[in-house]
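Here's the structure we're looking at; comments come further down.
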Amino acid sequence: MKNYLKETKILNYSNLHIQQLIKNRNWKDLSTVKRVKAIYNYVRDDIKFGYNSADDIPASEVLKNGYGQCNTKASLLMALLRATGIPNRIHGFTIDKKLQKGALNGIWYVLSPRNILHSWVEVYLNEQWYFLEGVILDKEYIKKLQKKNSQCKTSFCGYGVATDNFENPPIEWNVNNTYIQDKGINQDFGTFDSPDEFYTKHQQKLNLFKQFIFRNIVRHRMNTNVERIRSGLY
């Protein structure tokens, strides 16, 4: 179990800002279940949905950015949970790029790879693993996306969502599994002790040129599209 509590290059929970956040929120004073719920809700809603410069940035950089996507929010969630004594691991997948249509449009959507690297966190509690995928999108963003697509109540795929229950997606954690993109999964890589191990074996299928374009142009356009949805400008 000690591997699931280990600090790594990506899960850098000794970082001053991470430790200060934990202290300010008094998370270590909470019971185990309340601690997981409080940290989960913080990463889901206080860290907004958005696209960082890369998947393998340290948890402290995700916290500094104030936003993240599936892979980077997973790193911050894992670091905060491990720093407060909650064992966890990462489960790696790919998702179909259709899931990102709307956030990603035009030629950039055409040029993006069919399969996009994806992950969720699995937390060990009461001798059972719970899957925490529902942390990816903040509730404010989902609420505005539901308003924009008010005619849809069931299956929805796009803008970072892939669910069969768009009206009430299972994103609330009360000692259960949570999901928001699982219906877009098309490949399962299994579980890993840390994101460091996962990214050593699996990377986004982008050449150096496309990595440069994504980091400097595409992700900013995606973040603008996401913010327009969150602001109700659609």
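What you see is a predicted model; the values in this text were computed from it and never measured.
Judged purely by atom type and a 3.5 angstrom limit, Lys73 uses its side chain to pair as donor or acceptor with the backbone of Arg44. A donor-acceptor pair under 3.5 Å is absent between the side-chain atoms of Ser231 and the main chain of Arg228, judged by distance alone. The closest donor-acceptor contact from the side chain of Asn71 to the backbone of Leu117 lies under 3.5 Å. Remark: side-chain polar atoms of Gln181 are paired, donor with acceptor, to backbone N or O of Gly160 under 3.5 angstrom. Remark: side-chain polar atoms of Gln19 are paired, donor with acceptor, to backbone N or O of Tyr13 under 3.5 angstrom. When atom types are taken as modelled, the side chain of Lys98 and the backbone of Cys157 share no donor-acceptor pair closer than 3.5 angstrom. The backbone N or O of Ala103 lies less than 3.5 Å from a partner atom in the side chain of Asn225, making a donor-acceptor pair. In this structure a side-chain-to-backbone donor-acceptor pair under 3.5 Å is present from Gln211 to Leu206. Checked by atom type and distance alone, the side chain of Arg89 never pairs as donor or acceptor with a backbone atom of Glu122 at under 3.5 Å. Within the 3.5 Å criterion, the main-chain N or O of Leu111 finds a donor-acceptor partner in the side chain of Lys210.
Nearest heavy atom pair, residue Ile136 against residue Cys70, reads CD1-CB, 3.5 Å. Annotation for Val135 and Tyr40: closest pair N-OH, 3.4 Å, computed over non-hydrogen atoms. Residues Asp188 and Gly92 come closest through the heavy atom pair OD1-O, 3.6 Å. Of all the heavy atoms in Gly68 and Ile47, the pair that sits closest is N-CG2, 3.9 Å. Shown here for Leu11 and Ser194, the closest heavy-atom pair between the two residues is CD1-CB, 4.4 Å. Shortest non-hydrogen contact noted between Ala83 and Ile22 is CB-CD1, 3.4 Å.
Cluster note: Phe131 groups with Met1, Tyr4, Phe93, Ile95, Leu99, Ile116, Trp120, Tyr124, Trp129, Tyr179, Ile185 through ILVMFWY side-chain heavy atoms spaced under 4.5 Å, whether in direct contact or through intervening members.
In the hydrophobic clustering of ILVMFWY residues, with side-chain heavy atoms under 4.5 Å counting as a link, Ile57 and Tyr67 come out apart. In terms of hydrophobic clustering, with Ile, Leu, Val, Met, Phe, Trp and Tyr side chains grouped at heavy-atom distances under 4.5 Å, Ile39 and Leu5 are assigned to different clusters. Hydrophobic clustering (ILVMFWY, side-chain heavy atoms < 4.5 Å, transitive): Leu16 and Leu63 are in distinct clusters.
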Criterion salt bridge (charged side-chain N to carboxylate O under 4.0 Å, His left out) on Glu227 and Lys144, from CA distance to verdict: CA-CA 10 Å; Glu227 192 52 43; Lys144 294 294 176 55; over 6 Å; no

Quick one: do Asp46 and Arg25 satisfy side chain to side chain contact (heavy atoms under 4.5 Å, CB included)? Show the steps, please. CA-CA 13 Å; Asp46 288 62; Arg25 296 273 174 162; 3.5 Å; yes

Verdict with supporting geometry, Phe189 and Lys201, side chain to side chain contact (heavy atoms under 4.5 Å, CB included): CA-CA 10 Å; Phe189 296 130; Lys201 297 178 180 177; over 6 Å; no

Evaluation steps, side chain to side chain contact (heavy atoms under 4.5 Å, CB included), between Asn12 and Glu7: CA-CA 6 Å; Asn12 60 336; Glu7 182 169 22; 4.1 Å; yes

Run the numbers on Thr200 and Phe192 for side chain to side chain contact (heavy atoms under 4.5 Å, CB included), then give the verdict. CA-CA 11 Å; Thr200 297; Phe192 300 84; over 6 Å; no

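Sorted by first then second residue, the side-chain hydrogen bond (donor to acceptor under 3.5 Å, both in side chains) pairs that include residues 102-112, not counting sequence neighbours, number zero.
Considering only heavy atoms from C-beta on, Leu77 stays 4.5 Å or farther from Asn88 through its side chain. Side-chain contact between Leu125 and Val33 is present, with at least one heavy-atom pair separated by less than 4.5 Å. Between Asn174 and Lys37, the closest side-chain pair of non-hydrogen atoms falls below 4.5 Å. Side-chain contact check for Thr84 versus Leu80: every heavy-atom pair is 4.5 Å or farther apart. Side-chain contact between Leu132 and Val123: present, with at least one pair of heavy atoms (C-beta onward) separated by less than 4.5 Å. Inter-residue side-chain proximity for Asp55 and Gln203 is flagged as unmet; no heavy-atom pair is nearer than 4.5 Å.
The OH atom of Tyr51 lies 12.5 Å from the OG1 atom of Thr224; values are rounded to the nearest 0.5 Å. Atom CD1 in Ile10 sits 6.5 Å away from atom OH in Tyr199 (nearest 0.5 Å). In this structure, Asp138 CG and Asn41 CG are separated by 12.0 Å, a value rounded to the nearest 0.5 Å. If you take OG on Ser53 and CG on Asn65, they are separated by 6.5 Å, rounding to the nearest 0.5 Å. With rounding to the nearest 0.5 Å, the separation of CZ in Phe198 from OG in Ser75 is 10.0 Å. In this structure, the separation between CD on Glu167 and CD on Gln146 is 8.0 Å, given to the nearest 0.5 Å.
In this structure, Glu127 places its CD atom where only 12 or fewer heavy-atom neighbours from other residues, nucleotides or ligands lie under 6.0 Å away. In His17, the NE2 atom is not crowded: 12 or fewer heavy atoms of neighbouring residues, nucleotides or ligands sit closer than 6.0 Å. For Lys153, the NZ atom counts as densely surrounded, since its 6.0 Å shell holds more than 12 non-hydrogen atoms of other residues, nucleotides or ligands. Atom CD1 of Ile107 is surrounded by more than 12 heavy atoms from other residues, nucleotides or ligands within 6.0 Å.
Contact check on Arg114 versus Asp96 returns a salt bridge, with a Lys/Arg side-chain nitrogen under 4.0 Å from an Asp/Glu carboxylate oxygen.
When each of Met222, Arg221, Lys97 is paired with Leu104, the side chain to side chain contact (heavy atoms under 4.5 Å, CB included) condition holds for Met222 and for no other.
There is no side-chain donor-acceptor pair under 3.5 Å between Asn177 and Glu133.
Contacts of Asn186 classified as side-chain hydrogen bond (donor to acceptor under 3.5 Å, both in side chains), with partners at least two apart in sequence or in another chain: Thr94, Asn115.
Between Tyr130 and Trp173, the ring planes lie perpendicular to each other; the angle is over 60°, past the 30° to 60° tilted range.
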